[in-house]
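Contents: one structure, followed by commentary.
No hydrogens, no waters, no symmetry mates; every other heavy atom, side chains included, goes into these values.
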Amino acid sequence: MSKVVKFGGSSLASAEQFEKVGSIIRAEAERRFVVPSAPGKRFSADTKVTDMLYGCYALAEADKDFSKELKAIKARYEEIIKGLKLKLSLDDEFVTIEKNFKEKAGKDYAASRGEYLNGIIMANYLGFEFIDSATVIFFNEDGTFNANKTNDVLSKRLEGLQNAVVPGFYGAYDNGKVKTFSRGGSDITGSIVAKAIHADVYENWTDVSGCLVTDPRIVKNPQKIDIITYRELRELAYMGASVLHEDAIFPVRQEGIPINIRNTNDPGNSGTWIVGSTGQKSKYVITGIAGKKGFCSINIEKDMMNSEVGFGRKVLQAFEESNISFEHLPSGIDTMTVFVHQDEFMDKEQKVVSTIQRLAKPDTIDIESDLALIAVVGRGMRATRGTAARIFSALAHAHINIKMIDQGSSEMNIIIGVANDDFENAIKAIYDIFVETCL
Ligand code: ADP
Ligand code: ASP
Ligand code: MG
């Protein structure tokens, strides 16, 4: 039996946290391959090392003095090394980093040093081999992840090794230039390593006791989800449940490897299991609720739109020409609405509107901004009547106006649009009706 264990930033923010991680790894010999993140926040007002690195490199790129900022980063690692009483010096590493910053090695190189250095410390602390992810995780020239090459090289590299530390978040192009995944990407590295060794389980250790029914920053102490499918989790993660990176399920899903989300500060808690399919019913009709702010809706009206062949294509072409992807597309007989990310749309607003006018000749175009989308997700929803009605009534009771409601064809999710200002209250109201009233 083999497990890959990934530890997030807050699990590795200090020597004390490292010690907890050490006991978790030593408790089971199956925990053979370790994927660490960069040190995160030690307390709520603290700064993650990754953010310190981005800040420091921005100065280097602008040819400004960055010595103070780099020293502060080094101090974060030295505090951990000293606390763990390791005989390890990162002096040479920091000389190289300083030189590479001056030579403008790139923002991704800079950010990746957070995981790279933490990996060196972790390997030294555990007595495991250290593997630089730039030598085993690869990206294509267009910046996408090169899954085939990675799997070939990584599985060969790990074959025959009893243990190893593979830092999260980064890899390299074929020419060796470092490239990172998007923020939170160490979760993806863990999944890639689990696939490469055909692990039995991918354990993802963080600072909460699993995937919770909703964001604990919005609802106090939400219930834990015991078991959830990859598909449900992907929907929730994409819509803002930041406990796991939205792309982290792909490598393990191909192999059917379950993910177990666990809490470094409460290792006795069994956490959440993320699996391919399960006959186990979720405790409530819904499995989870997540959401994001910052959307815009473009409402397009034209009489007899439904009978005009190609109308939808013309509207979407206008977005495509401005390189904007759409998020949702609810439609009626004479209306069609396109939901897009506000920050991507605003600069191109007038261009998109005039292209729609030219291509589709609608009667009216009306734009609404500052909207939030909330996803209510659950495999149990298909078999239950009245889910949408309960959402409507919960929001009506909370005096929240629903701008849009859209049920996915899988009947596994309902997406609701509300004003940004109503976002938190809407999530609380939906949580209350499906969870609190059932406790
Ligand atoms: P790590 O550094 O371990 O990768 P993250 O900060 O990326 O941890 O993810 C854990 C955080 O995700 C939690 O502390 C919590 O604030 C947030 N979060 C958002 N939605 C959820 C959810 N549905 N369940 C659990 N945590 C959530
Ligand atoms: N350290 C990176 C970040 O802060 C990656 C990760 O933590 O997963 O985004
Ligand atoms: Mg994370």
Side-chain angles (χ1 to χ4, degrees), residues 1-8 11-12 18 21-38 84 86-88 90 92-93 112-140 145-181 185-205 247-260 262 274 276:
M1 173 122 170
S2 324
K3 291 182 178 180
V4 169
V5 286
K6 177 260 169 180
F7 291 89
S11 303
L12 298 168
F18 257 80
V21 167
S23 350
I24 290 167
I25 295 169
R26 290 184 192 112
E28 287 187 23
E30 294 87 14
R31 294 187 172 131
R32 291 171 48 205
F33 296 97
V34 183
V35 175
S37 287
L84 296 174
L86 301 178
K87 284 191 197 67
L88 173 70
L90 294 178
D92 291 347
E93 294 291 349
S112 75
R113 296 307 87 184
E115 273 66 15
Y116 170 81
L117 295 167
N118 230 19
I120 293 178
I121 298 179
M122 176 68 88
N124 186 286
Y125 176 55
L126 297 169
F128 289 3
E129 182 168 339
F130 172 77
I131 296 176
D132 183 355
S133 300
T135 64
V136 286
I137 294 202
F138 298 99
F139 289 87
N140 299 307
F145 169 58
N146 185 341
N148 290 338
K149 181 174 175 189
T150 299
N151 201 52
D152 284 351
V153 175
L154 184 60
S155 52
K156 281 197 194 88
R157 181 73 178 83
L158 298 179
E159 209 174 64
L161 286 183
Q162 184 54 32
N163 300 104
V165 173
V166 184
F169 193 38
Y170 73 95
Y173 293 103
D174 287 344
N175 67 7
K177 189 175 162 61
V178 168
K179 158 106 184 98
T180 64
F181 291 107
S186 297
D187 291 332
I188 307 175
T189 311
S191 184
I192 293 167
V193 175
K195 178 182 163 155
I197 65 146
H198 306 290
D200 296 281
V201 181
Y202 167 27
E203 286 181 350
N204 187 292
W205 292 81
D247 294 338
I249 61 161
F250 294 119
V252 287
R253 184 160 79 173
Q254 288 161 4
E255 297 276 313
I257 302 166
I259 308 174
N260 186 200
R262 300 284 289 268
I274 306 166

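- Across all their heavy atoms, Val4 and Ala194 have their closest contact at CG2-CA, 3.5 Å.
- When the salt bridge (charged side-chain N to carboxylate O under 4.0 Å, His left out) test is applied to Arg262, the partners found at least two apart in sequence or on another chain are Glu203.
- Between Leu117 atom CG and Glu93 atom CD the span is 6.0 Å, to the nearest 0.5 Å.
- Listed here is the closest heavy atom pair of Tyr125 and Gly22: CE2-CA, 3.9 Å.
- With sequence neighbours excluded, no residue satisfies ring-ring contact (aromatic ring centres under 6.0 Å, His included) with Tyr173.
- If you look at Tyr202 and Phe33, their ring centroids are not closer than 6.0 Å.
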Donor-acceptor contacts, no H, no angles, side chain residues 250-259, under 3.5 Å, sequence neighbours left out:
residue, atom, partner, partner atom, Å
Gln254, OE1, Lys195, NZ, 2.6
Glu255, OE1, His198, ND1, 2.8

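- Here Ile197 contributes atom CD1 and Leu158 contributes atom CG; the two are 7.0 Å apart, rounded to the nearest 0.5 Å.
- Evaluation of the salt bridge (charged side-chain N to carboxylate O under 4.0 Å, His left out) test over residues 122-133, restricted to residues two or more places apart or in two chains, returns Glu129-Arg157.
- Qualifying side chain to side chain donor-acceptor pair (under 3.5 Å) partners for Ser133, counting only residues two or more places apart in sequence or in other chains: none.
- Residues satisfying the side-chain contact (heavy atoms from CB on, under 4.5 Å) test with Pro36, not counting sequence neighbours, are Leu12, Met122, Val165.
- The two residues Arg26 and Leu126 have their closest heavy-atom pair at NH2-CD2, 4.2 Å.
- Not counting sequence neighbours, Asn151 has no partner by the side chain to side chain donor-acceptor pair (under 3.5 Å) test.
- Residues meeting the side-chain contact (heavy atoms from CB on, under 4.5 Å) test with Asn163, sequence neighbours left out: Arg32, Phe128.
- For the atom pair CZ (Phe138) and CG (Asn148), the distance works out to 12.5 Å, reported to the nearest 0.5 Å.
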Stepwise side chain to side chain contact (heavy atoms under 4.5 Å, CB included) test for Val136 and Ile131: CA-CA 8 Å; Val136 286; Ile131 296 176; 3.9 Å; yes
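- By the ring-ring contact (aromatic ring centres under 6.0 Å, His included) test, Phe139 is found to be paired with Phe181, residues two or more places apart in sequence or in another chain being considered.
- No donor-acceptor distance shorter than 3.5 angstrom exists from the side chain of Ser2 to the backbone of Ala199, with no hydrogens or angles considered.
- Closest approach of Phe18 and Ile121 over heavy atoms only: CE2-CG2, 3.9 Å.
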After noting the C-alpha distance and the side-chain angles of Ile25 and Phe7, does the key distance pass the side chain to side chain contact (heavy atoms under 4.5 Å, CB included) rule? CA-CA 10 Å; Ile25 295 169; Phe7 291 89; 3.8 Å; yes
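- For the pair Ala134 and Tyr170, the tightest heavy-atom approach, listed with the atom from each and the gap, is N-CE1, 3.5 Å.
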For a side chain to side chain contact (heavy atoms under 4.5 Å, CB included) check, start with the C-alpha distance between Ile192 and Phe145, then their side-chain angles and the critical distance, and finish with the verdict. CA-CA 11 Å; Ile192 293 167; Phe145 169 58; 3.4 Å; yes
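- Within the structure, salt bridge (charged side-chain N to carboxylate O under 4.0 Å, His left out) pairs that include any residue of residues 159-177 comprise Lys149-Asp174 (at least two apart or interchain).
- Judged by distance alone, the side chain of Thr180 and the main-chain N or O of Ser112 form no donor-acceptor pair under 3.5 Å.
- Asn146 CG to Asn140 CG: the interatomic distance, rounded to the nearest 0.5 Å, is 4.0 Å.
- Applying side-chain contact (heavy atoms from CB on, under 4.5 Å) to Val5 and the options Asn260, Val21, Val34 leaves one that passes, Val34.
- Checked against side-chain contact (heavy atoms from CB on, under 4.5 Å), Ser37 has the following partners two or more places apart in sequence or in another chain: Lys6, Glu115, Ser186.
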